[in-house]
Amino acid sequence: MIRIYNTMTRTKEEFVPLAAPHVGMYVCGVTVYDQSHVGHARSAMVFDVIRRYLTFKGYQVTFVKNYTDVDDRIIKRASQEGVTAREFAERFIAAERADMASLGVLAPDVDPKATEHVPQMIELISRLVASGHAYPIDGDVYFEIRRFPSYGRLSGKNLDELLAGARVEVDERKRDPRDFALWKGAKPGEPAWDSPWGSGRPGWHIECSAMAMQYLGESFDLHGGGEDLIFPHHECEIAQAEACTGRPFARYWAHNGMVNMGKDKMSKSLGNTLNIREVVKRHDPDALRLWVLGTHYRNMIEWSEERVEESARALDRFARLRRDATAVRGGAAAASLPPAFAEFRPRFARAMDDDFNTPQALAALFDFVRALAEARDRGPAVIAPGGGFVAGVDELVQLARVLGLFGRDAAAEGPPAEVERLVVARGEARARRDFKRSDELRDEIARLGWLVEDTSAGPRLTPKGS
RNA sequence: GGCGGCGUAGCCAAGUGGCUAAGGCGGAGGUCUGCAAAACCUCUACUCCGCGGUUCGAAUCCGCGCGCCGCCUCCA
């Protein structure tokens, strides 16, 4: 049984899908007007892991993550560059896809764009106007929050306090300052679509209600996003959708914590972002992922180059095991998992079942690593092809993959012939105890990117940086 | 001002009423090695921001205080 912390109720609840084994999952993607940063990376990895774990548990997950590709900033920046909003947005959609792939984040089943769902949004808005939840003024359409009594429930806000929030510019035409735009009348030169209220474009929140319902139905299981989206974005999504259908929208709401730069949240508006593209140049994506998963997804995490490097070191212990397993794998039929290694899968699952407690799941994996290394050092019987060691490593890797680790196949390609030649030469030097020559050769091999280590079974070659 | 969250070893971070307070990184010692590297073994919080309280029993619940963060505006 999986328990998920539901932002709506502020408690951990048993996860019961509407129509098991199917699970409909929607996560708010990015507004594509800039490069994706580490904060986006965290959110993406967190929900990637949730999706993978649900799949691991046997659910058939339909995972939808949108692109919001029409928005004030997109329009503004596109016009500054003299390109169309569409061209501008497409560029960053492509960049985002590349970033996600580089992080080992699985592609969504559907990744709809707002601009391709305007008719659905217009349909929604029309129904809201018809039912009296929304009202048009001068080509704009606003949602009237007083007509939706539970507005504020998700974010725990009460409407009176919201009114005091004078940081919002008051638009005199609105019936209530807290009402939000569903549709914005077109200004000259802006992308626009025809609608019953004249030419215009959708407001910020409506696209997610429309696309979620389009692909997952009026009610679906899990809705995710960064905790900074709880208000107003998700609050508004709920209002629009539920006012329209009269049915509950998402059943569970999951929100990831922010990434901070020093004490401040990393955000585009503060200008303290670190782009994924930059980070991936310096760090192994798996190290980044291990760093992210080392903290529970709902807690804040502070960016730290050093901590990512630490994660990379921890990863070496997995990598060594995998290479050792590859080395002894042989053609023998895989042995079944020895009882000594059987405890880790249940431990892993127990941790993940409890609101996706990845730090605890990782602790189980590291204990597994220790148990495997110990067995390996204990002797040939375990390591022999068909012995339990290989089966254990396979099990470990399987579990790690549920966290999205080791997605790339690291079945190391052999070293180049030149390196092989040097290793042989070094072995000869060592045999005649010419250690000076031997060390020179090791340095030479290192310059070619390989690490030689002497073991009882002979020299072991490892590509550097893997 | 309102709402929400956090404060656990040198650093990071689980645990949220009761066996010896996970795990990672770092550090110390040991085994192995020509030297290394890697790996393995042992050790590294009598204590969980402070002060009160509830309880047979609290890091875990309650109150107050201190420090920090997020949301209330675009934001993952």
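Here is the naming used below: chain letters follow the sequence lines, and residue numbers restart at 1 for every chain.
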Can you name the atoms? Protein N/O to nucleotides 39-41 of chain B N/O, anything below 3.5 Å, with the distance.
from  : atom 1 : to     : atom 2 : distance (Å)
B/A39 : O2'    : A/R376 : NH2    : 2.4
B/A39 : O2'    : A/D377 : OD2    : 2.5
B/C40 : O4'    : A/D377 : OD2    : 3.2
B/C41 : OP1    : A/E374 : OE1    : 3.3

For [N], what is the paired nucleotide under Watson-Crick or G-U wobble rules, both distances under 3.5 Å?
N: B/U20; answer: none
N: B/C61; answer: B/G53
N: B/C74; answer: none
N: B/U42; answer: B/A28
N: B/C6; answer: B/G67

Does [X] make a cation-pi contact with [Y] (under 6.0 Å, within 45 degrees of the axis)?
X: A/R430; Y: A/F435; answer: no
X: A/K268; Y: A/Y33; answer: yes
X: A/K65; Y: A/F47; answer: no

Atom-pair distance ([atom1] on [X]; [atom2] on [N]), nearest Å:
X: A/I75; N: B/C74; atom1: CD1; atom2: P; answer: 15 Å
X: A/L362; N: B/G23; atom1: CG; atom2: C1'; answer: 8 Å
X: A/R426; N: B/U33; atom1: CZ; atom2: C1'; answer: 11 Å
X: A/L293; N: B/G23; atom1: CG; atom2: P; answer: 19 Å
X: A/D324; N: B/A37; atom1: CG; atom2: P; answer: 18 Å

Query - A/D454 vs A/A364, nearer the 5' end of RNA chain B by closest nucleotide - result: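 It is A/A364 whose nearest nucleotide is closer to the 5' end.
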
Query - A/R433 or A/Y5, whichever maps to the more 5' nucleotide of RNA chain B - result: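 First, find each residue's nearest nucleotide; the 5'-ward one identifies A/Y5.
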
Measuring from atom [atom1] of [X] to atom [atom2] of [Y], what distance do you get when rounded to the nearest 0.5 angstrom?
X: A/T7; Y: A/R298; atom1: OG1; atom2: CZ; result: 8.0 Å
X: A/L422; Y: A/R426; atom1: CG; atom2: CZ; result: 11.0 Å
X: A/N357; Y: A/Y297; atom1: CG; atom2: OH; result: 10.0 Å

Which value, in whole Å, describes the distance between the [atom1] atoms of nucleotides [N] and [M]?
N: B/G18; M: B/G27; atom1: P; result: 35 Å
N: B/C69; M: B/A22; atom1: P; result: 31 Å
N: B/C56; M: B/A14; atom1: C1'; result: 28 Å
N: B/U16; M: B/C43; atom1: P; result: 25 Å
N: B/C48; M: B/G29; atom1: P; result: 30 Å
N: B/G67; M: B/U55; atom1: C1'; result: 29 Å
N: B/C62; M: B/G17; atom1: P; result: 11 Å
N: B/G1; M: B/G53; atom1: P; result: 29 Å

Query - Residues A/R442, A/E453; criterion salt bridge (charged side-chain N to carboxylate O under 4.0 Å, His left out); working and verdict - result: CA-CA 9 Å; A/R442 177 156 59 194; A/E453 296 160 304; over 6 Å; no

For residues [X] and [Y], establish whether the separation of their ring centroids is below 6.0 Å.
X: A/F366; Y: A/F318; answer: yes
X: A/Y5; Y: A/H296; answer: no
X: A/F180; Y: A/H205; answer: yes

Query raised in the report: Between residues 37-51 of chain A and RNA chain B, which residues have a heavy-atom gap below 4.0 Å?
Result: A/H37, A/G39, A/H40, A/S43

Query - Selection: residues 264-273 of chain A, any non-hydrogen atom under 4.0 Å of RNA chain B - result: A/D264, A/K265, A/M266, A/S267, A/K268, A/S269

Query raised in the report: Is the ring centre of A/F366 under 5.5 Å from the base ring centre of B/G23, and are the two planes under 30° apart, so that they stack?
Result: no

Query raised in the report: Cut-off 3.5 Å, side chains only: do A/T115 and A/D69 have a donor facing an acceptor?
Result: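 Note: A/T115 and A/D69 side chains meet the donor-acceptor criterion.
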
Query raised in the report: Does a side chain donor of either A/R347 or A/Q360 reach within less than 3.5 Å of an acceptor in the other side chain?
Result: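 The criterion, which ignores hydrogens and geometry beyond distance, is not satisfied for A/Q360 and A/R347.
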
For [X], report the nucleic acid contact type (base, sugar-phosphate, nothing); a contact means any heavy atom under 4.0 Å.
X: A/L229; answer: sugar-phosphate
X: A/E453; answer: base
X: A/D72; answer: nothing
X: A/G257; answer: base
X: A/R77; answer: nothing

Report task. Look at the side chain of A/D439 against the base of B/G34 and say whether a donor-acceptor pair falls under 3.5 Å; ignore hydrogens and angles. Result ->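 Result: at least one qualifying N/O pair found.
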
**Report entry** Polar pair under 3.5 Å, donor/acceptor by atom type, side chain A/S438, base B/G34
**Finding:**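 Answer yes: a donor N or O sits under 3.5 Å from an acceptor.
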
Query - Any side-chain heavy-atom pair of A/L396 and A/F341 under 4.5 Å - result: no

Query raised in the report: Quick one: are A/D228 and A/K265 in side-chain contact, heavy atoms under 4.5 Å?
Result: yes

Kindly point out which of [options] is positioned nearest to the side chain of [X]?
X: A/F435; options: B/A13, B/G15, B/G34; result: B/G34
X: A/A314; options: B/G24, B/A76, B/C69; result: B/G24
X: A/P359; options: B/A76, B/A38, B/A13; result: B/A13
X: A/M258; options: B/C74, B/A76, B/C71; result: B/A76
X: A/Q360; options: B/G34, B/A14, B/C69; result: B/A14

Query raised in the report: Distance check: side-chain N/O of A/N158 vs OP1/OP2 of B/C3, anything under 4.0 Å?
Result: no

Query raised in the report: At under 4.0 Å, does any side-chain N or O of A/N299 touch on OP1 or OP2 of B/C69?
Result: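 False: A/N299 side-chain N/O out of range (4.0 Å or more) of B/C69 OP1/OP2.
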
Query raised in the report: For the salt bridge (charged side-chain N to carboxylate O under 4.0 Å, His left out) test, which of A/R73, A/R77, A/K76 pairs with A/D34?
Result: A/R77

